[in-house]
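Here is the structure we will look at, set down as structure tokens.
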Amino acid sequence: MISILVLALVALIFIFYTIFDRNILSPSVIGTAMFFVSSLFALFYQNKWQTTISSHTVFVIITSLLALGAGECLVHLMNFKRNQFIKVNISAITPIKTSKILIAGISVLFILLLFNYYRETVKIAKEAGYRGDRLLLQYARTADLNKFGTFSKRNFLARQSSVIVRSAAYVFSYIFLHNAIFFNKKNFSQLIPVLLFFPFMLLSTGRTQFIYLIASWIIFGTVFFMQTKAWNPKYTAKIVCFGIIGMLTFLLLFVISGSFKSSRILENALDTIAFYAGLSIPSLDLYFENVPYPPNQIFGEHTLTGIYSVLRHFSDAIPWLYTPWSDFATFHNVRGNVYTVIRRYHQDFGYIGLYMMMFFLGFFYSFLYLKFNRKQKNLGLLLYAMIFAPIVEMSIEERFFMTVVSSGTVYSFFYGSILFRLIVRYDHKVQRSMLNHMFCYRTRKMTEGGGDKCITIYLYALKKQSCKNIVRASAQGRCVA
């Protein structure tokens with residue numbers, strides 16, 4: 001049945017790609033592609049793990065993805081124009097400049113914040129039993145995932161510094177790719193804040209931020225590249241190749257970062273990748289075999305952990321909800337506790353709730369993508385990339401209500417918006433002002449002769465909302481500067 005699932009997912013990818021205007025960034029296309037990758041690993045390792053899946057599991061996965069596509073389809077049927085892509089005036093786009101002093105200042109600040117974050121990580125690791133050996137991250141992970149919260153957390157500055165540096169990594173990724181794709185200008189100093197985020201990711205003991213950052217690069221790169229090609233679908237194959245390279249890069253970084261916790265990961269790198277990427281599929285099948293589970297004590301207790309975490313700030317009566325599953329799916333020689341996005345929705349809300357949640361995700365992300373892509377407000381594209389994780393990781397775990405709907409996202413939006421407006425929007429405003437002055441000067445010279453040509457040029461300037469205080473059309477048809 002795993003083979004049938006893989007073939008069905010391939011067909012579904014092509015169906016979604018065709019329906020949604022051959023848009024490779026369609027949430028339904030990407031979400032289905034991630035299930036395809038997980039199922040492919042499950043197929044290759046089914047003999048080693050001695051696993052299989054039932055037809056019921058195949059049916060639930062396919063119908064869940066159809067619900068995801070239905071949500072996106074509704075967005076396309078609403079008041080959006082059929083052509084969802086904007087043909088950008090490339091000549092009006094200007095490079096985003098960043099001074100060396102700015103990069104140096106941000107780098108020094110991030111290094112100081114990194115030092116504090118390291119000290120806090122060592123502190124919580126010692127509470128979990130760390131005694132100075134090389135397994136710092138393993139003990140820190142134990143403290144971070146402590147079920148009952150008996151270990152202390154990193155201080156406020158450390159927690160906020162991680163969010164600040166992460167937000168800056170997205171902003172500078174945007175800047176670097178914007179300049180590299182539109183103008184073929186590669187200022188590698190702009191990647192320094194991005195590189196400084198890597199040690200923060202390692203010390204946070206989680207590795208999923210790697211794929212989130214790489215996914216943002218794919219989003220930025222695809223949008224910028226396709227804008228230069230007027231969104232011609234014939235370049236889709238090239239984007240897919242970039243996506244595969246990005247995925248391989250993530251897997252490499254995932255294995256290397258994991259080696260800091262256990263040296264055995266490097267010895268069995270492919271097995272480790274298959275474990276994290278593919279075990280969720282047979283685990284989901286095992287979950288359906290053991291249904292029903294005991295009823296929830298709290299509404300949505302397995303899914304709405306992010307919301308309850310926020311509510312805990314206002315009332316101690318809200319219980320501490322442990323995010324990872326406490327029950328493990330055990331097979332021949334491997335055990336894990338990830339069950340795709342489907343288990344949490346099904347266990348908390350049943351089949352109807354599952355399909356409603358998937359429908360909502362398809363609607364939500366498609367709505368945001370079309371809205372931001374239409375208006376060309378690049379801040380929207382930045383924020384969209386910062387919360388795209390639930391689509392990328394849905395074949396492994398639920399992330400929307402656990403991660404996106406949280407106070408951390410509010411902080412990320414706040415810091416990211418400030419950095420974007422200070423660096424990108426300010427730079428664009430200055431350069432647009434310079435271009436307007438140049439346009440006004442050229443318009444004045446061209447309109448000195450008067451006549452219909454003069455009025456045409458004036459109306460163009462008025463339409464573009466530039467030079468209207470410098471160039472005027474007189475009642476006699478003459479242009480007066």
Side-chain angles (χ1 to χ4, degrees), residues 64 71 120 124 127-128 140-156 158-160 162-163 166-167 204-206 208-209 212 280 283-284 287 291-328 336-365 368 383 386-415:
S64 297
E120 289 297 306
I124 65 171
E127 293 182 10
R141 182 67 172 174
T142 301
D144 280 334
L145 296 180
N146 175 49
K147 182 173 182 179
F148 302 104
T150 54
F151 297 143
S152 61
K153 297 181 179 179
R154 297 176 182 83
N155 60 28
F156 179 80
R159 298 196 302 271
Q160 292 301 306
S162 176
V163 180
R166 181 173 70 244
S167 303
S204 70
T205 71
T208 54
Q209 287 296 333
Y212 301 161
S280 58
S283 297
L284 177 65
Y287 158 75
V291 171
Y293 278 75
N296 291 351
Q297 300 299 316
I298 302 175
F299 175 76
E301 65 182 46
H302 303 104
T303 302
L304 307 179
T305 54
I307 296 176
Y308 286 121
S309 177
V310 173
L311 294 178
R312 274 181 58 83
H313 291 86
F314 305 98
S315 173
D316 293 335
I318 304 297
W320 179 277
L321 296 178
Y322 187 51
T323 299
W325 294 106
S326 59
D327 54 325
F328 282 75
N337 64 338
V338 289
Y339 301 84
T340 79
V341 66
I342 294 174
R343 172 174 175 173
R344 292 188 187 272
Y345 293 163
H346 178 268
Q347 185 163 348
D348 282 344
F349 313 113
Y351 285 106
I352 295 178
L354 163 65
Y355 296 133
M356 290 180 62
M357 288 294 187
M358 296 297 287
F359 180 90
F360 166 76
L361 290 179
F363 181 91
F364 178 80
Y365 280 97
L368 291 183
L383 300 181
M386 293 174 71
I387 61 171
F388 198 69
I391 300 298
V392 175
E393 205 178 350
M394 64 167 42
S395 66
I396 300 174
E397 181 59 281
E398 203 284 333
R399 292 301 178 196
F400 185 80
F401 291 99
M402 291 169 54
T403 305
V404 173
V405 184
S406 66
S407 57
T409 300
V410 176
Y411 288 126
S412 296
F413 278 9
F414 176 74
Y415 296 131

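Position 1 is the first residue of the sequence; numbering continues from there.
- A distance of 5.0 Å separates CG of L284 from CD1 of I342, quoted to the nearest 0.5 Å.
- Considering all non-hydrogen atoms of both residues, R154 and S204 come closest at NH2-CA, 4.0 Å.
- Without hydrogens or angle criteria, S412 side chain to G408 main chain gives a donor-acceptor distance under 3.5 Å.
- Considering every non-hydrogen atom in both I387 and Y365, the closest pair reads O-OH, 2.5 Å.
- Taking CE of M356 as the start and CG of L361 as the end, the distance is 12.0 Å to the nearest 0.5 Å.
- Atoms NE2 and OH, from H346 and Y287 in turn, are 4.5 Å apart once rounded to the nearest 0.5 Å.
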Quiz item: Checking side-chain contact (heavy atoms from CB on, under 4.5 Å) for the pair I298/Y308: CA distance, chi angles, key distance, verdict?
Solution: CA-CA 10 Å; I298 302 175; Y308 286 121; 3.2 Å; yes
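- S280 places a side-chain N or O within 3.5 Å of a backbone atom of S395 that can act as its donor or acceptor partner.
- The CG atom of N296 sits 6.0 Å away from atom CD of Q347, with the distance rounded to the nearest 0.5 Å.
- Remark: side-chain polar atoms of Y212 are not paired, donor with acceptor, to backbone N or O of V392 under 3.5 angstrom.
- E397 places no side-chain N or O within 3.5 Å of a backbone atom of R399 that could act as its donor or acceptor partner.
- Using a 4.5 Å heavy-atom cutoff, the side chains of V404 and F364 are not in contact.
- By the 4.5 Å heavy-atom criterion applied to side chains, M357 and F400 are not counted as neighbours.
- Here the shortest heavy-atom pairing between Q297 and E301 reads N-OE1, 2.9 Å.
- With sequence neighbours excluded, the residues satisfying side chain to side chain donor-acceptor pair (under 3.5 Å) with Y415 are Q160.
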Quiz prompt | Pair M394-M358, side-chain contact (heavy atoms from CB on, under 4.5 Å): steps then yes or no | solution = CA-CA 10 Å; M394 64 167 42; M358 296 297 287; 4.2 Å; yes
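- Just one of F401, F299, F360 meets the ring pair (Phe, Tyr, Trp, His ring centres under 6.0 Å) condition when paired with F349; it is F299.
- Crowding of F414 atom CZ: a count of heavy atoms from other residues, nucleotides or ligands under 6.0 Å not exceeding 12.
- Taking the side chain to side chain donor-acceptor pair (under 3.5 Å) definition, one finds that Y411 meets it with nothing, sequence neighbours left out.
- For the pair P390/V341, no side-chain contact is recorded, criterion being any heavy-atom separation below 4.5 Å from C-beta on.
- A side-chain donor-acceptor contact under 3.5 Å links R344 to the backbone of H302.
- Contact detail for M402 and T305: the closest heavy-atom pair is CG-OG1, 3.3 Å.
- For the pair T403 and T208, the minimum side-chain heavy-atom distance is 4.5 Å or more.
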